[in-house]
Amino acid sequence: KKQIQTWFAEKNREEKNEGQSPYFGIGKNKNLIFIQVESFQAFVLNQKVNGQEITPFLNRIVKDGMYFSNIYPQTVEGNSSDAELLTQTSLYPVKQGATFFRFPNNTYHSLAKLLREKGYHTFAIHGDEETFWNRNMVYPHLGFEKFYAIDDLKQDDIIGMGLSDKSTFRQSLPILEKADQPFYSLIITLTSHVPFTIPEDEQSLSLPKELENTPIGNYLQSIRYMDESIALFIKGLEERGLLDDSIIVIYGDHDGLFQKDKGEVEKWLKREISDEEWVRSFMQIPFIIYHPGMEPKIIDTIGGQIDILPTVADLMGIEKEKTYYMMGKNLLLQEDGKAVIPKGDYADEGILITRDKITPLPENYPDLTVADLVIRSDYFKDKKK
Ligand code: GP9
């Protein structure tokens, strides 16, 4: 307990004079829609294949919104569910196993709970079985009042593991339209899951011969499908008059192509990529905040998924004292930043990424150890804050 208390006290002492960003509260009382995108890496943005933009819609959103260009995935053995933990609670996952399976009934401080205190209605939507990653058990503890999973939706278009993204988004629109406002909705996509297989009539990219039916070709094709799904969703929000009253947050859950797959990306770009360049330029996931008419901004501060909640909390006008137990930083107030990558899919030993260096992490690196202790001891059980 002492170790946990000291870590948070020190972090909050450091942040004492930071104040709030100039964007504090721009989302106050607006709906908040999080879109967690399966296997979405930032290197596909603003890129072309065979002369075609891979993500034409998201390129526009990136240009018109607030784009964080240097954000790292920090998931461990819980993959997508770890991304949910990181972004909803600003805690690192436990070092071993999936936090959602090991500690489903913990008390968590979360975005949905903070927004509920402000009168928001909260729900999550995902086109897979509700039990996948134990989400049906964990979501109530993350503050979601309702979870619409595949059995709550019409199973009219199945791709890969579950309901297609186009169908999930199409069916989300009436749910959002009927919801009492303001609401907070977490929508989790699925179709761009490995092995990235998209039915032929949904493949919009015309790929060069050498990329057809390859992992990279399929990846790009599935990312284009996801781009189209989000475009239709945002258009639907606009048609229903919901877009002006909503803040949209889009981010990747984890990588789809890892360092071990860099040969695939090399095949596409027709050049070699060093291990260091992979970490500096290919491993990142996108983090985008969009609202029509907002002042566009690119922020290249280094950060991770752990920082998404404190950053969004600032925009939503959540008071500083409510962020005491968030392990991440408000990216709008950092200049250089850092990303802690736990041992796992991204790095054999865990790494610390800063502007100047990429260094190995010691096994007992404090941030990861403290998160592990918080979760394993259910530390927040008796804490109101
Ligand atoms: C499953 C989906 C994918 O519902 O979120 O999970 P992953 O295999 O990427 O962890």
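Residues: numbered from 1 along the sequence shown. Every value quoted in this text rests on a predicted model; they were computed, and no experiment measured them. All ligand and atom numbering here is 1-based and tracks the order in the structure.
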At less than 4.0 angstrom from any non-hydrogen atom of D128, what atoms of ligand 1 do you find? 1 (C), 4 (O)

Kindly confirm or rule out an N or O of H193 lying under 3.5 angstrom from an N or O of ligand 1. yes

Quick one: do the T369 and N364 side chains pair a donor with an acceptor below 3.5 Å? no

Record the part of H126 in heavy-atom contact with ligand 1 below 4.0 Å; permitted values are side chain, backbone, both and neither. side chain

Contact between R135 and ligand 1, counting heavy atoms under 4.0 Å? yes

Under 4.0 Å between a Lys/Arg side-chain N and an Asp/Glu carboxylate O for K95 and E363? no

Here the atoms of ligand 1 under 4.0 Å from any heavy atom belonging to W133 are 6 (O), 7 (P), 10 (O)

Cluster link M66 to F57, ILVMFWY, side chain under 4.5 Å: no

Expected output: side-chain D307 to main-chain G328 donor-acceptor under 3.5 Å: no

When you look at E53 and N59, which way does the side-chain hydrogen bond (donor to acceptor under 3.5 Å, both in side chains) test go after all the steps? CA-CA 9 Å; E53 279 183 281; N59 293 347; 2.8 Å; yes

Distance from atom 2 (C) of ligand 1 to nearest protein heavy atom, with residue and atom: L190 CD1, 3.5 Å

Ignoring hydrogens and angles, state whether a donor on the side chain of T75 or D82 is under 3.5 Å from an acceptor on the partner side chain. no

Pull out every atom of ligand 1 sitting under 4.0 Å from any heavy atom of S80, numbered as shown with elements. 3 (C), 5 (O), 6 (O), 7 (P), 9 (O), 10 (O)

